[in-house]
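Both backbone and side-chain heavy atoms feed into the values below; hydrogens, waters and symmetry mates do not. Chain naming here is simple, since letters A, B, ... match the order of the sequence lines and numbering starts at 1 in each.
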Amino acid sequence: MTENISYWLMKSEPNVYSIKNLEKEKTTIWDGIRNYQARNFMRSMKIGDIAFFYHSNCKVPGIVGLMEVTKLNIVDPTQFDPKSKYFDSKSKKEFPRWDCVEVKYLGEYEKGLSLEDLKNLYKPNELQVVRKGNRLSIIPVSISTAEEMKITLGKFK
DNA sequence: GCCAACGTTGGC
DNA sequence: GCCAACGTTGGC
C-alpha cells in the first residue's frame, strides 16, 4: 500500500530544531512556516506521506533523517502568540492564515547525505534542493528520486 | 560576514 | 498592476 504516498523534503536549522530534538519528542508539529508555497505544500500532504529531514544553515547541510506525516490541517498556534517570533498580527482566529502538519520520527541515518553529495548525485531538475538559491523550506521529491535516495541513504542509526 | 536569489510590501 | 526597496533564507 505505497501507491498513494508522496515524498517531501523539510528543512530545519539544527540549532533551532534538529533531528535529535525529533528523536526525543517522537512527534512534532511543523510550525513557524511563513511562506505560502511551503504552507501550500503542507496542505497537499496526506497521512502516511514520507519526508526527508534536512539540516539547513549549518556546517554540513544535508539529509539526516526520515519522518512520516501523521496529522493534517493543524492550526499553527505561534501565529496568535505575540511573544513568538512567528506571531502574525494580520491572522484572524476565524481565518487562520498558517497551518501545518504533525510528523513522526522514523529514524536518523547512519551516514546521511550532505548537500555536496546530493549535488553530485542529482541535477537541479531531479531534486530542487540542489538548485542554486533555493530557499523554500518544504519541497516535493519525486517518487523515483525519493526511492533511490532511500536506498543510497541506507540504514538508520 | 558576504551575497545571490528570491518573497513581500507599499507607493504610484 | 508595476516595480523599487526591503527583508529573509541559506550556502559558502
Side-chain angles (χ1 to χ4, degrees), chain A residues 6-25 27-45 49-69 72-103 105-142 144-146 148-150 152-154 157:
Chain A
S6 299
Y7 289 93
W8 308 90
L9 182 146
M10 299 169 86
K11 296 182 187 174
S12 183
E13 301 188 19
N15 60 340
V16 177
Y17 194 89
S18 77
I19 189 74
K20 296 289 183 197
N21 294 108
L22 183 61
E23 183 183 12
K24 265 179 235 144
E25 291 193 345
T27 65
T28 189
I29 60 165
W30 210 261
D31 57 8
I33 299 297
R34 295 294 178 270
N35 171 288
Y36 289 104
Q37 236 185 309
R39 183 205 65 183
N40 292 343
F41 280 137
M42 283 199 286
R43 286 186 175 177
S44 65
M45 288 179 182
D49 278 4
I50 298 295
F52 297 96
F53 193 119
Y54 180 97
H55 279 171
S56 68
N57 202 13
C58 56
K59 204 167 178 185
V60 185
I63 293 171
V64 293
L66 201 66
M67 313 181 275
E68 182 182 339
V69 177
L72 310 175
N73 305 314
I74 300 162
V75 173
D76 182 340
T78 62
Q79 68 194 306
F80 301 121
D81 178 5
K83 288 185 299 241
S84 170
K85 69 176 275 204
Y86 302 115
F87 177 63
D88 183 349
S89 60
K90 291 178 194 160
S91 187
K92 298 272 176 296
K93 287 254 182 192
E94 315 85 81
F95 291 104
R97 186 181 282 189
W98 306 107
D99 49 77
C100 57
V101 297
E102 182 194 79
V103 289
Y105 176 83
L106 292 183
E108 179 182 2
Y109 289 109
E110 259 177 22
K111 288 193 168 176
L113 280 174
S114 69
L115 178 59
E116 194 188 352
D117 295 334
L118 293 170
K119 280 180 174 168
N120 291 329
L121 290 168
Y122 299 105
K123 299 194 187 83
N125 64 323
E126 293 170 319
L127 187 67
Q128 267 193 60
V129 79
V130 305
R131 205 178 61 191
K132 192 187 172 193
N134 163 62
R135 299 181 313 149
L136 202 55
S137 61
I138 297 176
I139 62 172
V141 180
S142 75
S144 56
T145 301
E148 202 181 298
M149 279 202 301
K150 274 173 75 174
T152 312
L153 281 158
K157 278 183 179 170

Peer 1: Rounded to whole angstroms, how far apart are CD on A/Gln128 and P on C/dG10?
Peer 2: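 A/Gln128 atom CD is separated from C/dG10 atom P by 13 Å.
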Peer 1: Between the protein and nucleotides 2-7 of chain C, list the N/O to N/O atom pairs that are separated by less than 3.5 angstrom.
Peer 2:
from, atom 1, to, atom 2, distance (Å)
C/dG7, N2, A/Arg135, NH1, 3.4

Peer 1: Which residue pairs pass the side-chain hydrogen bond (donor to acceptor under 3.5 Å, both in side chains) test when at least one of the two sits in residues 9-19 of chain A, sequence neighbours left out?
Peer 2: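 For residues 9-19 of chain A, and leaving out neighbouring residues, the side-chain hydrogen bond (donor to acceptor under 3.5 Å, both in side chains) pairs sorted by first residue read A/Glu13-A/Asn57, A/Tyr17-A/Glu25, A/Ser18-A/Asn21.
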Peer 1: Distance check needed: C/dG11 P versus A/Glu116 CD, whole Å only.
Peer 2: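 For the pair A/Glu116 CD and C/dG11 P, the rounded distance is 13 Å.
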Peer 1: Can you tell me how far P of C/dT9 sits from CG of A/Leu115, to the nearest Å?
Peer 2: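 Answer to the nearest Å: 18 Å.
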Peer 1: How is A/Lys59 classified with respect to the nucleic acid when contacts are heavy atoms under 4.0 Å: base, sugar-phosphate, or nothing?
Peer 2: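 No contact.
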Peer 1: Would you mind reading off the distance between A/His55 atom NE2 and C/dT9 atom C1', rounded to a whole angstrom?
Peer 2: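 Going from A/His55 (NE2) to C/dT9 (C1'), I get 17 Å.
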Peer 1: In whole angstrom, what separates A/Leu136's CG from C/dG11's C1'?
Peer 2: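 Those two atoms, CG and C1', are 16 Å apart.
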Peer 1: Side chains of A/Pro77 and A/Ile29: does their closest heavy-atom pair fall under 4.5 Å?
Peer 2: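 The answer is yes; the side chains approach within 4.5 Å.
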Peer 1: Do A/Trp98 and A/Phe80 have ring centroids that are under 6.0 Å from one another?
Peer 2: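 Centroid separation for A/Phe80 and A/Trp98: 6.0 Å or greater.
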Peer 1: Taking the side chain from A/Asp117 and the backbone from A/Ser114, do they hold a donor-acceptor pair closer than 3.5 Å?
Peer 2: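 Flag set: sc A/Asp117 to bb A/Ser114 pair under 3.5 Å.
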Peer 1: What is the separation between atom CD on A/Glu13 and atom P on C/dC12, rounded to the nearest whole Å?
Peer 2: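 After rounding, the gap between these two atoms is 15 Å.
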Peer 1: Does A/Asn120 reach the main-chain N or O of A/Glu116 with its side chain, forming a donor-acceptor pair under 3.5 Å?
Peer 2: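 Yes: the side chain of A/Asn120 pairs with the backbone of A/Glu116.
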Peer 1: Under the rule for side-chain contact (heavy atoms from CB on, under 4.5 Å), what residues qualify as partners of A/Lys90, not counting sequence neighbours?
Peer 2: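 Applying side-chain contact (heavy atoms from CB on, under 4.5 Å) to A/Lys90 gives A/Asp88, A/Arg97.
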Peer 1: Counting only side-chain heavy atoms from C-beta out, which of B/dT8, C/dG10, C/dC12 sits nearest to A/Tyr36?
Peer 2: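 The nucleotide sitting nearest to the side chain is B/dT8.
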Peer 1: Could you tell me the separation between the CG atom of A/Asp99 and the CZ atom of A/Arg39, rounded to the nearest 0.5 Å?
Peer 2: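 Nearest 0.5 Å value for the CG-CZ distance: 6.0 Å.
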Peer 1: Whole-Å distance between C/dG10 P and A/Lys132 NZ?
Peer 2: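 Answer to the nearest Å: 16 Å.
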Peer 1: Can you tell me if the side-chain N/O atoms of A/Lys11 get under 4.0 Å from OP1 or OP2 in C/dT9?
Peer 2: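 Answer no for this pair, as no side-chain N or O of A/Lys11 is under 4.0 Å from OP1 or OP2.
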Peer 1: Within this structure, what is the NZ-to-C1' distance between A/Lys85 and C/dT9, rounded to whole angstrom?
Peer 2: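 So the two atoms are 11 Å apart, to the nearest Å.
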Peer 1: Please compare A/Asn57 and A/Asn134 by the position of their nearest nucleotide in DNA chain B and report the one closer to 5'.
Peer 2: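 With A/Asn57 and A/Asn134 compared, the 5'-side residue is A/Asn57.
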Peer 1: Specify the residue among A/Tyr86 and A/Lys119 whose closest nucleotide of DNA chain C lies further upstream toward the 5′ end.
Peer 2: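 Closest to the 5' end, via its nearest nucleotide, is A/Tyr86.
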